[in-house]
2 protein chains.
Amino acid sequence: MTRKSTAKKERHQKLVKFIKTNPFLTDEELAELLGVSIQTIRLDRLELKIPEYRERLKYVAKGDTCQVKSLSYGELVGELVDIQVGKSGSSILTINRDMVFKKNKVARGHHLFAQANSLAVALIDAAVALTGSAKVTFRQPVKLGDRVVAEAVIVDNHDKKYRVSVISKVKDQVVFEGLFTVFAVEEA
Amino acid sequence: MTRKSTAKKERHQKLVKFIKTNPFLTDEELAELLGVSIQTIRLDRLELKIPEYRERLKYVAKGDTCQVKSLSYGELVGELVDIQVGKSGSSILTINRDMVFKKNKVARGHHLFAQANSLAVALIDAAVALTGSAKVTFRQPVKLGDRVVAEAVIVDNHDKKYRVSVISKVKDQVVFEGLFTVFAVEEA
DNA sequence: AATTTAATTAGTACCTGGTACTAATAACAG
DNA sequence: CTGTTATTAGTACCAGGTACTAATTAAATT
């Protein structure tokens, strides 16, 4: 014997493919599908280091929610459209499934805040800038699929303290307004 | 007895919130969290028609969110610690690499806002609640690895309008304060 | 063909996270 | 003090496994 019977090798390939295309198959179902005993399936999974059904479920489920749970990461929330550092800028955020309440498909407020806040911070001409305070108003509910255009302008600056006004619109209708106080931070 | 003891009603609300925000909790863990026996949890789930752990996993994994009850997962940023629906609650957010500025490892403000906002919304005893406005202050920079404990209290309520105060701390030091105006939304 | 080795199947004890049920006790209102 | 509700305890049973031993079957080597 070379190393492994071809029958076994073939079955292993099939097994991997089956589970890949449908992780919700139990050993019993797999045994039926491949025409072998349940014990063989279990030995196969052991060899191939394929976790059991319930572990696979958990893995898939966690992969689904881990993204949902957290806010969009990265330096900027949304897509930068235009920027004059120290002056003004704009970004676009398209509301996806993970940003809305499942019940009514309205975007959670903090996503709009995140877009505005990260844009405000991006305008500051410093190594790092931190938000000190903000006053925000959510004028209209934003729905799944909406393209939110945020426009930010530095309205005031004294030393390291900046005031940034952000207005977000969906199709020319104001949905969000915010006034952010941002501080530039020196870097060593 | 009216219809149900208040203790039970409250526990039921908590149970729903806990499972909503984290479907990966077993009855044993829930029993621990709510300070009752595992049997009580099971009776509660039966009454509330909340499916068992493995069924919930399957729903999440299959992306069906849930057909049984309108349990919308991942609606909270952070981990729910305690809640009295309609009164107060608290959550914990641990700052990870994805939440901080690469340069100085300070958390981006909108993550703290998101934790506070989602907690404020979770307190409202309604099908859906939307943030109308907010005034927030970032008192201290929050660093990578910090455990941010947010405590929210409903300070005022007229009809569908609620005012929720949120104070977030890292090791007893206030890092964030916010006053949110939230509106309850009726569902058809 | 006989033997050796690999592969498969069978069977057992045990595990988690439950359901479904019965029974006993605790809490509380009238 | 008595009912009612709520909670806890305990049992049998289930799915879908792990981990192990032993027996059987198939294939390869001598």
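Because only heavy atoms are used, hydrogens play no part in the values below, and waters and symmetry mates are left out as well, while side chains stay in. Here is how names work: the chains are called A, B, and so on, in the same order as the sequence lines, proteins then strands, and each is numbered from 1.
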*Asks:* Where along residues 37-45 of chain A does a heavy atom fall under 4.0 Å from DNA chain C?
*Replies:* Ser37(A), Gln39(A), Thr40(A), Leu43(A)
*Asks:* Give the rounded distance in Å between these two atoms: CZ of Arg54(B) and P of dG16(D).
*Replies:* 9 Å
*Asks:* For Glu55(A) and dG17(D), what is the distance between atoms CD and P respectively, to the nearest whole Å?
*Replies:* 11 Å
*Asks:* Glu10(A) has an atom CD; how far is it from atom C1' of dT8(C), in whole Å?
*Replies:* 17 Å
*Asks:* Closest heavy-atom contact between Val166(A) and Ala116(A)?
*Replies:* CG1-CB, 3.6 Å
*Asks:* Give the rounded distance in Å between these two atoms: OH of Tyr53(A) and C1' of dG17(C).
*Replies:* 13 Å
*Asks:* Categorize Arg11(B) for me: base, sugar-phosphate, or nothing, with a 4.0 angstrom heavy-atom threshold over every strand shown.
*Replies:*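 Result for Arg11(B) = sugar-phosphate.
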*Asks:* Take atom CG of Leu46(A) and atom C1' of dT8(C), then tell me their distance rounded to the nearest Å.
*Replies:* 15 Å
*Asks:* Would you please name every residue forming a side chain to side chain donor-acceptor pair (under 3.5 Å) with Lys169(A), sequence neighbours left out?
*Replies:* none
*Asks:* Of all heavy-atom pairs between Leu123(B) and Gln84(B), which one has the smallest distance, and what is that distance?
*Replies:*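 Taking Leu123(B) first and Gln84(B) second, the nearest heavy atoms are CD2-O, 4.3 Å.
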*Asks:* Nearest whole angstrom, please: distance from the P of dT8(C) to the NZ of Lys9(A).
*Replies:*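 Computing the Lys9(A):NZ to dT8(C):P distance gives 13 Å.
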*Asks:* CD of Glu29(A) versus P of dA15(D): gap in Å, rounded?
*Replies:*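 Roughly 13 Å, once rounded to whole Å.
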*Asks:* Do Lys62(A) and Phe24(B) form a cation-pi contact, if we require the NZ or CZ to be under 6.0 Å from the six-membered ring centre and within 45 degrees of the ring's axis?
*Replies:*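 Geometry flag: set, cation within 6.0 Å and 45°.
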*Asks:* Can you name the residues that form a side-chain contact (heavy atoms from CB on, under 4.5 Å) with Ser91(A), not counting sequence neighbours?
*Replies:*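 side-chain contact (heavy atoms from CB on, under 4.5 Å) check on Ser91(A) returns Leu76(A), Gln115(A), Leu119(A), Ala150(A).
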*Asks:* Does Arg108(B) count as lying over the ring of Phe101(B), i.e. NZ or CZ under 6.0 Å from the six-ring centre, within 45 degrees of the axis?
*Replies:* yes
*Asks:* Between Lys8(B) (NZ) and dC28(C) (C1'), how many Å, whole number?
*Replies:*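 Between C1' of dC28(C) and NZ of Lys8(B): 14 Å.
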